[in-house]
Structure formats: C-alpha cells, structure tokens
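A short worksheet on the structure shown next.
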Number of protein chains: 2
Amino acid sequence: MEDAAAPVSAQEQVASPRRAPSQQRSRERVERMLAAASALIAEQGSDAMRMGEVAERAGVSIGSLYQFFPDKRAIIWALAERYTAESQACISAALAGVSDAEGLGLAFSELVDIYYGLFLAEPVIRDIWSGTQADKALRQLELADSRANAEFLTAVLKRLRPDADPAALDATAFLVWQMGEAAMRLAISVERQEGDRLVAAYKRMALRELLAE
Amino acid sequence: MEDAAAPVSAQEQVASPRRAPSQQRSRERVERMLAAASALIAEQGSDAMRMGEVAERAGVSIGSLYQFFPDKRAIIWALAERYTAESQACISAALAGVSDAEGLGLAFSELVDIYYGLFLAEPVIRDIWSGTQADKALRQLELADSRANAEFLTAVLKRLRPDADPAALDATAFLVWQMGEAAMRLAISVERQEGDRLVAAYKRMALRELLAE
DNA sequence: AAAAAATATGAGTAATACTCACATTTGCAA
DNA sequence: TTGCAAATGTGAGTATTACTCATATTTTTT
C-alpha cells in the first residue's frame, strides 16, 4: 500500500522506514530539505554537512527532517538517486540506436564528454560519488547503477558481436563503464589540463577495447 | 630537529603534530596500538573502529593513543603508509629490468596477479583503500602513491617508445595504473568469479594499451 | 463536529572523538 | 647517588553531533 515513487523509496533498503510525505505541504518541505542539503554539500561537502544546518536552512525543525529521512545517508542517497535516474536516461538515449562499430565509436565518445561535463559542473555529483566508497550501502547503489548503465553497452556489443561469449561481453562492458567512472573521479581531482588528458586517454583505451575484434 | 623516519611522519602533513616516540618503551607501545588498530579494522572495518577499543586492546590509555596519533585518521594513515612502502618496492623490482615489449607484457601481467592477490588476502588493505575516497587527505596520499608507482611504468614506456610524446606516456601510465586499482576495488566487491573475470579483462585492456603502437 | 491520521516541534539522549591537568618514568649531567 | 628536565602515561571530563520521543498542531476522513 505504499507509494513506490515517493522520494524516500531508496532509504527503505537500508534504514528504518519513515513515512512518505502524502500531503502537499510536506512534499514541499521535503523538497526544501533536499535543496538545503544539496546546497550545503556543494558548499562544504557531505561530510561537513550537519543535519541541524540542513533543517535550519530548509526552515524546518530537526524533528521534521527525521520524519522523512531515517538518517543522514538517506538524504545523500535521495540526492544521488535523482542524478542516477537522470544520467541513466541520457545513456539509454545515446546508445539506443547504435547498430555498427562506427556508430558506437561516435556515441560512446560523445557520452564520455557529456559525463565528464556533468562531473565537472555539478559539485554535488562530485562529492557524492567521490565519497561513495565510505558508505557500503551507497557503494552497492552505485554498483547496481553502474551495472544498469553497462547493460546498455552490453546490448550494443551483443548486437555487434553476436558470436562472442556473452559473459565476456558483460565483463568488458561493466569494466569499461566502471573504469570510466574511475577515470572521471581521477580527472576531477587533478589539474584541469591533466584531467582532460586523462579522460582523452581513457576514451582511446575504452574505444580500442569496445571496437576490438 | 625531528626524526623524519618516525612512524608519525605522515600525520604531520595534516593534523597537529604529536611527539614521535623516542624511547624503546613507547616505540613498543606504538607498535601495539597499530597492531590493535589493524586487527580491529580487519574485524569490523575502519569506520566501526573505536578509538577507545584500540586503546583497550593495545593495553594503553586513550590518552597515550592520542599522544602519538593526533586523530583517528592518523592511525589509518600510518597503516596505509606501511603497505604503500611495501608494494612500491615490489613494483619497482618487477618493472626495473624490462627492456622490450614482451618483457613488459610478462612483468605487467605478473604484477597485476600479485596486486590482486594482495587485495584479496589483506582485509586491512581492502578496507583502507576502499574507504579512501571519503578522506580527502588520504586520497591525496593515494594519488601521490599512484603517481609514484605509475612512474615505474612510465620509465619503461619511455624506453620502449622514445619518440612518443612524454606527457601522453605519463597520462597513459598514470591512467592504466589508477584504473588497475579501480578494477581491483571493483573486483573484491563482487563475487569472486566475476572479480576474476574483471581483473582478466582489465589485464587484457591495459596490455593492449601499453603495447600499442 | 468529532475522530483519526499526518505532520511539526525542539529539548533531551547517546555515542564517541578528542583534551588536559596531573602522575609517573626515563635519560642524563653534576 | 642525586636532582632535574624531558618524555611518557592516565582517564575523567568536554564538545560535537546524529538521532529520539513525548507532545502539540494541522489536515483529512467519517
């Protein structure tokens, strides 16, 4: 009997459940809480984000915050889920129509650029995904997300190389994708120029692998 | 006037300095603290490691712990530094004599296997390097370490391809190395069989890049 | 209008990293 | 040996912060 699309859905996988907002008023307040958290993360990073500060900036009491988010991770998680959904749509669109090697090369190359741009531009993404490793549960979300994204790649590969071992194609796509995320994280934590070079090197490497054989 | 080789050297880069142990007695106690921390991390992970528990298990007071380690990160850091030094020696030895493409292929392949084995076997390494991202300062140490390791690769590449652009070779080596670490982290957080496949895929991908052209 | 459900509140609790004033031990020169 | 300074050891106490809960208010339902 629970609304699966509620903004708290992700939390239920980990922490004790909280009521999903059902009234207009509370839905708006939850939005304010997320906006406040997002701003604070952008300013100081998720580690330094204080729950009391989130509540204050959202103009709600600390109790209200915990009414909808069972713990601190849940807020970060909820934000992560939004970006996740967004980027997944983008990937799906970019790779859907690919039917030959040349098309894959173009689409993949463009996809990397878009992703890199996202990483560079959005401080919240940077912070969340670079702090991810510390939080086992969030890491699982990231892995699941990465797997889902990689599947778009796998689908293309299977179309291009129908005779190859499917498990090997899975591994290749998953690895290429994960290494892409690793490369981005690396790139944004060094000087811009070096970062660009690293992303370019990754792109070359990944394409060589994807288009091989 | 300070002993640079003291086990607290790493801390000085970040937190307020602490006295380095100069007497036999305190050196032994510091060892016990590190051993206790290592055991606790192996058992529960560094996040769940409590400073009070470290002190208790080492048989010292909480005050003594803080006499030599300015904060919790410093203990983890000190442990990380040890493994870092160890693995660096191993890499240097493996790559030092390489002078042709075939030799690079063999040495690199073996190196990956050794590293993967280390990751699999040593819970403290797993925990520290997978939690790394959360701690900005530790991440810097990891990057510096990675750069140093990559330089052994760069040296080999420059020998093999003297006419290539040095900056590009740097980027390639750095990226290949970082992606290797990312691949290992990924591999140990999934089922063993899939992990093995991922490492194999990485090896193939990296070798193709290293031996290209 | 009354009852029930949802939402709002913030003082209070609990957990834990870290401090500090003081006690003890060690190294060393007189 | 003795005296003294530096190094080391101690643990009760402080500070911070995530999180709870009894209670009050608002909205929805009957």
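Every chain is numbered from 1 and lettered A, B, ... according to where its sequence line falls, protein lines coming before strand lines.
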Separation of D:dT17 atom C1' from A:Asp71 atom CG, nearest Å, is 14 Å
*asked:* When you measure from the side-chain N and O atoms of B:Ser61 to the phosphate of D:dG11, is any distance below 4.0 Å, counting only OP1 and OP2?
replied: no
Quiz item: Taking OP1 and OP2 of C:dT9, is either one under 4.0 Å from a side-chain nitrogen or oxygen of A:Arg29?
Solution: yes
- Task: Please state whether the phosphate of C:dT7, meaning OP1 or OP2, lies under 4.0 angstrom from any side-chain nitrogen or oxygen of A:Ser26.
- Result: yes
Under 3.5 Å: donor-acceptor pair, side chain of B:Lys72, backbone of B:Met49: yes
**Prompt:** Are A:Arg185 and B:Glu181 within salt-bridge range, i.e. N to O under 4.0 Å?
**Reply:** no
Original post:
Between B:Ser22 and D:dA6, does any side-chain N or O lie under 4.0 Å from OP1 or OP2?
Top reply: no
*Does A:Arg147 pair with B:Glu194 as a salt bridge, N-O distance under 4.0 Å?*
yes
Whole-Å distance, A:Met51 CE to C:dT9 P, equals 15 Å
Rounded to whole Å, the CD1-P distance (A:Ile62 to D:dT16) equals 16 Å
Considering only heavy side-chain atoms of A:Phe68, the closest of D:dG9, C:dA8, C:dG10 is C:dA8
>> For A:Glu56, is there an ion pair with A:Arg50 - N to carboxylate O distance below 4.0 angstrom?
In response: no
Rounded to whole Å, the CD1-P distance (B:Ile75 to C:dA17) equals 10 Å
(request) Count the heavy atoms belonging to other residues, nucleotides or ligands that lie under 6.0 Å from CD of B:Glu110, then report whether that count exceeds 12. (result) no
A:Ile76 atom CD1 is separated from D:dA18 atom P, nearest whole Å, by 10 Å
inquiry  = For C:dA15 and B:Arg50 - does any side-chain N or O of the residue sit under 4.0 Å from the phosphate oxygens OP1/OP2?
reply    = no
Residue set satisfying salt bridge (charged side-chain N to carboxylate O under 4.0 Å, His left out) with A:Glu43, at least two apart, ordered chain then number -> A:Arg57
Closest to the side chain of A:Gln67, out of D:dT8, D:dT10, C:dA8, is C:dA8
note: B:Lys72, atom NZ; D:dT16, atom P; distance rounded to Å ~ 19 Å
Per-nt protein contacts along nucleotides 21-30 of chain D (heavy atom under 4.0 Å; B base, S backbone sugar-phosphate only, - none) come out as -----SS---
In whole angstroms, the gap separating P of D:dT20 from CZ of A:Phe69 amounts to 15 Å
Residue pairs passing the ring pair (Phe, Tyr, Trp, His ring centres under 6.0 Å) test with at least one member in residues 170-196 of chain B, sequence neighbours excluded, are B:Tyr115-B:Trp177
Atom CD of B:Glu56 and atom P of D:dG11 are separated, to the nearest Å, by 12 Å
